[in-house]
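The structure appears below as structure tokens.
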Amino acid sequence: MQLDKTYQPENFESEIYKQWEEQGCFKPSMDKSQQAFSIALPPPNVTGSLHMGHAFQQTIMDSLIRFHRMDGDNTLWQCGTDHAGIATQMVVERKLAAEEKLTRHDLGREKFIERIWQWRKQSGGTITKQMRRLGASVDWSRERFTMDEGLSRAVLEVFVRLYDEDLIYRGKRLVNWDPKLRTAISDLEVENKEVKGFMWYIRYPLADGLKTQEGKDYLMVATTRPETLLGDTAVAVNPEDPRFKDLVGKELILPLVGRRIKIVADIHADMTTGTGCVKITPAHDFNDYAVGKRHSLAMVNVLTEDACIRDEAQVFNTQGELSTETTSYIPEAYRGLDRFVAREKIVEDLKTQGLLDHIEDHTLSQPFGDRGGVPIEPMLTDQWYVRASILGKEALRAVEEGEIKFVPQQYTNMYYSWMRDLQDWCISRQLWWGHRIPAWYDENGKVYVARNENEVREKYHLGSEVKLVQDEDVLDTWFSSALWTFSTLGWPDKTPELEMFHPTSVLVTGFDIIFFWVARMIMMTMHFIKDENGKSQVPFKTVYVTGLIRDEEGQKMSKSKGNVLDPLDMIDGIDIDSLVSKRTANMMQPQIAQKIAKRTQKQFPQGIKAHGTDALRFTLCALASNGRDINWDMKRLEGYRNFCNKIWNASRFVLMNIEGFELVKPQDENLNIADKFILSKLSQAISAMRDAINAYRFDQVATILYEFIWNEYCDWYVEFTKSILKDPSLSQDKKNATAYTLVNVLETVMRMAHPVMPFITETIWQQTAPLLGRNNEAKTIMLASYPKACDYLVDDFAQESIAWVKELTTAVRNLRAEMKVSPNTKLEVLLRGANEQQKQFTDENLKLILALTNLTSIKYVGDEKLPPCASKPVLTAEILIEMSSLVNKEDELKRLNEMKKKLEGNISSTQARLSNEAFISKAPANIIEGAKAQLALNQSQLDKVLAQINELNKL
RNA sequence: GGACGCUUAGCUCAGUUUGGUUAGAGCAUCUGCCUUACAAGCAGAGGGUCGAUGGUUCGAGUCCAUUAGCGUCCACCA
């Protein structure tokens with residue numbers, strides 16, 4: 001006995017992983033004769049830690065990787081981490097503020113970046129530790145970081161080439177500005193949220209004594225952001241609007257500021273909406289920006305980087321050049337005020353001046369920065385853009401033509417809808433942490449792009465007298481992530497890995513980053529990576545999109561809700577106090593922390609028990625049905641931990657009971673029917689497994705394993721072997737054959753299950769494989785071959801035979817339970833009306849049946865008169881147990897009448913179908929035959945039940 | 001406003017692509033068992049008419065139409 005008495009995964013999981021890693025088991029074979037299979041791990045944030053979503057995706061990736069590695073592919077799982085610009089910078093800034101009361105500006109750029117590298121060194125190990133605990137078989141020797149030297153080189157190369165091809169440009173445009181982080185962000189990083197606010201109706205006085213048709217001396221506009229009034233340069237009305245037609249081209253006096261602004265006709269103004277008049281602020285609103293362009297309006301920027309009112313506005317012409325075409329004056333009262341303070345003050349002043357008509361409650365969807373969490377402000381700034389509209393064409397085509405497949409398919413639509421209306425991608429960020437943009441400016445502000453300053457001078461023939469300053473901005477994190485599949489394989493060098501493993505086989509990721517990452521990866525990869533024929537290579541052939549893991553109530557897991565579950569706590573367990581303090585750490589508001597603590601204590605009064613990695617991974621697979629979100633269920637985890645326990649104990653049984661038998665590959669004629677049965681089931685399970693894996697149906701993978709191991713192997717086969725191995729009438733050869741099969745199937749199932757449950761399978765395999773000599777070519781199950789269905793013969797006859805055994809066994813147990821006859825009471829059972837085949841099946845498996853049902857014998861009977869019996873139909877036959885003193889007549893009658901009712905119901909519905917002429921004439925023959933057989937079976941069973949009732953009534 | 005997904009047992013979910021006998025699983029519940037692999041277990045049982053309506057069909061959880069509720073993404077919101 002080599003397995004511990006109880007299943008304690010913590011005793012072996014970490015140790016096994018260490019051995020695998022030391023033995024280099026995670027490295028690709030680099031054997032060109034093998035098929036290549038590769039996955040690039042979506043790089044997690046370097047300073048973060050893994051959450052359930054990571055555990056979920058990594059489980060799926062690892063299962064695929066392990067399957068392909070065992071199945072003989074040259075397999076690479078490329079791993080690494082992402083520098084995650086904004087997120088990381090924020091973490092370190094917060095730490096700096098908390099521990100040293102310093103801002104990054106106090107330190108300066110260089111020192112601050114140094115601090116981030118330090119922080120990375122210190123915290124970067126968290127993720128890799130977690131991945132190891134999860135059993136991820138990534139090739140650690142190839143681990144990369146988006147800011148490391150090689151990847152930075154790829155970033156430079158891509159930027160410079162795209163610039164030279166005019167696919168990257170710089171321009172002054174209206175961007176989404178995050179005033180908290182003081183950086184531009186892309187459209188995707190903006191989250192619209194419903195917010196309760198107000199709509200202010202403001203009167204703009206007409207200049208020069210003009211009046212509207214209604215005789216008013218003002219136009220009324222509505223706004224949700226009154227402070228932008230300071231930057232208004234026009235009011236727009238619809239060109240068709242009869243109310244204001246004659247005012248077009250005339251002027252208004254901008255309230256509070258006093259400058260004259262034009263009334264323009266533009267279709268942006270909708271006659272039926274609001275007042276029909278729209279204030280136009282080209283520098284602070286995307287629609288107004290477009291209107292401004294159309295009417296050559298000046299753009300007046302009134303906000304500072306942190307969204308305070310400027311002392312003096314910046315005025316630009318439509319080319320984005322500084323201009324004096326209108327005044328830059330801002331009333332003193334508002335200068336330096338925060339935008340929201342200014343808003344209140346402006347509203348107040350408008351009211352005082354009688355220009356505020358009225359206020360309405362208004363629910364608006366307000367744009368927020370997804371990182372900073374404050375409302376973003378559209379701002380006119382100089383930024384760098386990628387012409388995604390051009391790069392996107394090829395990326396769209398690749399999916400349309402099936403070069404890349406989304407699983408599940410419905411995500412294709414999501415991809416299309418975005419790709420078909422692609423806006424240019426703003427890639428510059430006013431941060432310090434990231435890849436600095438390789439652009440230099442001379443004293444006149446002329447821009448030069450190259451890989452470094454020397455190259456700039458060479459490329460643009462600039463002498464050393466020209467002073468150059470590098471652009472301060474860094475690139476959007478997703479810019480480097482977009483290169484991930486090829487930059488990690490050594491591009492721009494032509495490496496053997498790039499040739500072998502690109503395109504990668506599959507990308508496993510969440511739907512939330514399809515736009516952020518997947519689409520951009522496709523664009524960049526297809527532009528830069530070509531095959532030997534010059535055709536664009538896709539980054540991956542398949543995108544497997546996973547759902548989100550939510551909590552029990554379907555809520556998104558988030559720190560602020562305090563419902564986050566750490567995958568490692570599922571594995572190793574955590575006591576309640578630690579869990580509470582983990583969930584409430586760094587909480588700003590103590591009331592919320594208290595609430596979370598209370599809820600956590602209620603939900604996990606005992607903390608969380610250790611379940612082991614295999615149980616967690618198995619659960620994640622079982623819940624992974626087709627791309628839909630998963631509501632995490634602790635009960636499922638417990639259930640599958642029990643499953644691991646079951647496997648463990650079954651293995652203990654096997655190892656205990658094969659002693660004294662010779663384990664050599666048996667002759668077919670020595671195999672018991674039970675052996676042939678389980679081998680058939682095994683073969684079928686293997687092919688079902690392969691199908692499920694190839695279809696990314698990990699829920700089915702879990703079901704197949706669970707059912708085969710528990711419901712076939714443990715519940716039936718292992719029970720059969722108990723009587724076979726002890727049977728003195730069987731030859732030693734036959735018993736050896738069964739002992740061999742017992743181990744053979746177990747060892748095979750371990751290989752079959754290994755991709756999902758790596759640790760328990762390795763542990764058991766190490767005990768079973770040597771018994772069969774299967775550890776010769778591979779010392780670890782990781783490198784053993786994945787089972788093939790054709791190695792195990794499917795024997796239909798044996799399956800039918802055992803199916804009968806199961807029917808009969810179940811019927812006897814059933815009858816016993818219904819009649820409340822203890823399973824311990826030895827009985828004789830009568831079998832009436834069995835056909836020849838049923839008798840044969842019974843005879844050849846008699847000992848198994850008797851053992852499983854605790855019967856003394858089974859006696860065949862015909863039509864002869866019998867003493868009073870309790871009975872139960874088994875297919876077309878019937879089992880009977882003599883009642884004698886065992887059974888109460890009333891109970892038996894009640895039971896029979898229930899059965900009668902059920903059978904009659906079935907019969908009448910089947911009869912109805914069969915007597916329907918349309919059914920007979922139109923339904924396919926096999927269906928009709930099936931119905932007829934069903935009817936006959938039910939009929940014969942009913943006859944038996946009726947006869948029994950008669951018998952009993954005579955007593 | 002556009003698109004997509006979900007609604008099946010007390011709970012969490014399969015099954016719907018390709019319509020076919022009496023709709024499955026785990027957990028929970030109930031009954032009986034500590035039978036030396038396993039009480040994290042064994043043997044049994046009860047429980048749903050598949051969101052609603054209408055249609056197609058011999059036959060609908062499955063196909064079509066309409067509709068309700070929930071959710072997600074995109075766009076817009078002076």
Side-chain angles (χ1 to χ4, degrees), chain A residues 1 3 5-7 192 199 201 221-225 235-236 268-270 273-281 285 287-288 362-366 408-411 413-414 416-418 421 511-512 514-515 547-548 552 554 609 611 622-623 625-636 638-657 697 699-700 702-703 706-707 711 714-715 718-719 722 810 813-818 820 822-824 852 854 902 905-906 909-910 913 916-924 926-928 930-935 938:
Chain A
M1 242 309 290
L3 296 178
K5 189 147 194 242
T6 50
Y7 170 62
N192 290 306
M199 182 74 86
Y201 288 81
V221 300
T223 181
T224 55
R225 295 188 298 154
V235 165
H268 170 59
D270 183 342
T273 308
T275 62
C277 304
V278 189
K279 66 192 264 317
I280 302 298
T281 323
D285 182 282
N287 284 312
D288 295 2
H362 183 71
T363 307
L364 68 160
S365 80
Q366 196 175 7
Q409 229 194 335
Q410 71 247 21
Y411 289 104
N413 290 329
M414 201 166 142
Y416 286 158
S417 69
W418 196 61
D421 181 32
F511 68 92
D512 49 329
I514 288 183
F515 303 146
L548 220 63
E552 278 86 348
K609 270 193 240 159
H611 295 84
L623 296 173
S625 46
N626 248 338
R628 81 184 239 177
D629 286 357
I630 292 169
N631 293 348
W632 182 251
D633 184 355
M634 221 54 186
K635 292 281 174 47
R636 289 291 284 267
E638 273 164 38
Y640 292 128
R641 192 266 323 266
N642 295 352
F643 176 54
C644 292
N645 187 54
K646 186 78 180 176
I647 295 175
W648 188 262
N649 281 308
S651 306
R652 288 181 55 232
F653 169 85
V654 171
L655 293 172
M656 279 171 170
N657 284 279
R697 287 302 307 264
D699 57 332
Q700 288 174 4
T703 308
Y706 193 94
E707 283 183 353
N711 301 342
C714 292
D715 284 353
V718 165
E719 294 304 319
K722 285 178 183 172
T810 309
R813 287 172 174 169
N814 215 305
L815 194 52
R816 276 196 129 113
E818 282 171 8
K820 305 204 164 42
S822 156
N824 294 326
L852 261 54
N854 197 24
K902 198 173 163 196
N906 291 345
S909 83
T910 315
R913 287 171 65 216
N916 182 343
E917 219 176 284
F919 176 69
I920 298 296
S921 60
K922 292 190 180 167
N926 61 324
I927 298 296
I928 298 174
K932 280 182 180 164
Q934 185 64 41
L935 181 62
N938 286 159

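Here the structure is a predicted model, which means the values were calculated and not measured. Heavy-atom basis, side chains included; hydrogens, waters and symmetry copies ignored. Letters A, B, ... are given to chains in the order of the sequence lines, protein chains preceding strands, and every chain is numbered from 1.
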Give [X] one of three labels, base, sugar-phosphate or nothing, depending on what nucleic acid heavy atoms sit under 4.0 Å from its own.
{"X": "K932(A)", "answer": "nothing"}
{"X": "R697(A)", "answer": "sugar-phosphate"}
{"X": "Q366(A)", "answer": "nothing"}
{"X": "C714(A)", "answer": "base"}
{"X": "K922(A)", "answer": "base"}
{"X": "F643(A)", "answer": "nothing"}
{"X": "V718(A)", "answer": "base"}
{"X": "N938(A)", "answer": "base"}
{"X": "A650(A)", "answer": "base"}
{"X": "N814(A)", "answer": "sugar-phosphate"}
{"X": "L364(A)", "answer": "nothing"}

[atom2] on [Y] to [atom1] on [X], rounded to 0.5 Å:
{"X": "L852(A)", "Y": "R813(A)", "atom1": "CG", "atom2": "CZ", "value": "5.0 Å"}
{"X": "N642(A)", "Y": "W648(A)", "atom1": "CG", "atom2": "CH2", "value": "15.5 Å"}
{"X": "I928(A)", "Y": "I920(A)", "atom1": "CD1", "atom2": "CD1", "value": "4.5 Å"}

Hey, are the side chains of [X] and [Y] touching, using non-hydrogen atoms and a 4.5 Å cut-off?
{"X": "Y7(A)", "Y": "K646(A)", "value": "no"}
{"X": "R913(A)", "Y": "I927(A)", "value": "yes"}
{"X": "D285(A)", "Y": "R225(A)", "value": "yes"}

Rounded distance in Å - [atom1] ([X]) to [atom2] ([N]):
{"X": "L852(A)", "N": "U35(B)", "atom1": "CG", "atom2": "C1'", "result": "12 Å"}
{"X": "L548(A)", "N": "C6(B)", "atom1": "CG", "atom2": "P", "result": "16 Å"}
{"X": "D699(A)", "N": "C13(B)", "atom1": "CG", "atom2": "P", "result": "13 Å"}
{"X": "R913(A)", "N": "U57(B)", "atom1": "CZ", "atom2": "P", "result": "18 Å"}
{"X": "N649(A)", "N": "A37(B)", "atom1": "CG", "atom2": "P", "result": "10 Å"}
{"X": "N657(A)", "N": "U36(B)", "atom1": "CG", "atom2": "C1'", "result": "10 Å"}
{"X": "Q700(A)", "N": "G24(B)", "atom1": "CD", "atom2": "C1'", "result": "13 Å"}
{"X": "D270(A)", "N": "G1(B)", "atom1": "CG", "atom2": "C1'", "result": "14 Å"}

Using the side-chain heavy atoms of [X], tell me which of these nucleotides is nearest: [options].
{"X": "K5(A)", "options": "G44(B), C38(B), U12(B)", "value": "C38(B)"}
{"X": "A923(A)", "options": "A14(B), U22(B), C58(B)", "value": "C58(B)"}
{"X": "N631(A)", "options": "A37(B), U12(B), A14(B)", "value": "U12(B)"}
{"X": "A918(A)", "options": "C38(B), C58(B), G44(B)", "value": "C58(B)"}
{"X": "T810(A)", "options": "A37(B), G44(B), G26(B)", "value": "G44(B)"}
{"X": "F919(A)", "options": "A40(B), C4(B), G20(B)", "value": "G20(B)"}

Rounded to whole angstrom, note down the [atom1] distance from [N] over to [M].
{"N": "U35(B)", "M": "G24(B)", "atom1": "P", "result": "34 Å"}
{"N": "U29(B)", "M": "G19(B)", "atom1": "P", "result": "40 Å"}
{"N": "U22(B)", "M": "U17(B)", "atom1": "C1'", "result": "25 Å"}
{"N": "G44(B)", "M": "U56(B)", "atom1": "P", "result": "45 Å"}
{"N": "A60(B)", "M": "A23(B)", "atom1": "C1'", "result": "12 Å"}
{"N": "C11(B)", "M": "C58(B)", "atom1": "P", "result": "38 Å"}
{"N": "G10(B)", "M": "U49(B)", "atom1": "P", "result": "8 Å"}
{"N": "C63(B)", "M": "G20(B)", "atom1": "C1'", "result": "14 Å"}

Complementary nucleotide for [N] - Watson-Crick or wobble, under 3.5 Å:
{"N": "U17(B)", "value": "none"}
{"N": "C76(B)", "value": "none"}
{"N": "C6(B)", "value": "G69(B)"}
{"N": "G61(B)", "value": "none"}
{"N": "C38(B)", "value": "none"}
{"N": "U49(B)", "value": "none"}
{"N": "A28(B)", "value": "none"}

- Does Q934(A) make a side-chain donor-acceptor contact with the base of U22(B), cut-off 3.5 Å? yes
- Item | Check: E719(A) side chain, A37(B) base, donor-acceptor under 3.5 Å | yes
Can you see if the side chain of [X] gets near the phosphate of [N] - specifically, an N or O under 4.0 Å from OP1 or OP2?
{"X": "N645(A)", "N": "G41(B)", "result": "no"}
{"X": "R641(A)", "N": "G26(B)", "result": "no"}
{"X": "N824(A)", "N": "C33(B)", "result": "no"}
{"X": "K646(A)", "N": "C42(B)", "result": "yes"}
{"X": "R636(A)", "N": "C27(B)", "result": "no"}

- Message: Check this for me: does any side-chain nitrogen of one of K635(A) and E638(A) sit under 4.0 Å from a carboxylate oxygen of the other?
- Response: no
- Task: Report yes or no: do R652(A) and N649(A) form a side-chain donor-acceptor pair below 3.5 Å?
- Result: yes
- In the 5'-to-3' direction, what one-character label does each nucleotide of nucleotides 70-76 of chain B receive under the scheme B = base within less than 4.0 Å of a protein heavy atom, S = sugar-phosphate only, - = no such atom? --SSS-B
- Nearest heavy-atom contact between C277(A) and V235(A) is CB-CG1, 3.9 Å
- Note on the structure: All heavy atoms of C714(A) vs all of A650(A), minimum pair found to be SG-CB, 3.7 Å
- Query: Taking the nucleotide of RNA chain B with the closest heavy atom to each, which residue, K635(A) or P924(A), is nearer the 5' end?
  - Reply: P924(A)
- Query: 5'-most contact on RNA chain B: M199(A) or N916(A), nearest heavy atom basis?
  - Reply: N916(A)
- Return the set of residues passing ring pair (Phe, Tyr, Trp, His ring centres under 6.0 Å) with F511(A) (not counting sequence neighbours), or none when no residue passes. none
- Message: Can you classify the ring geometry of Y706(A) versus Y640(A) as parallel (below 30°), tilted (30 to 60°) or perpendicular (above 60°)?
- Response: perpendicular
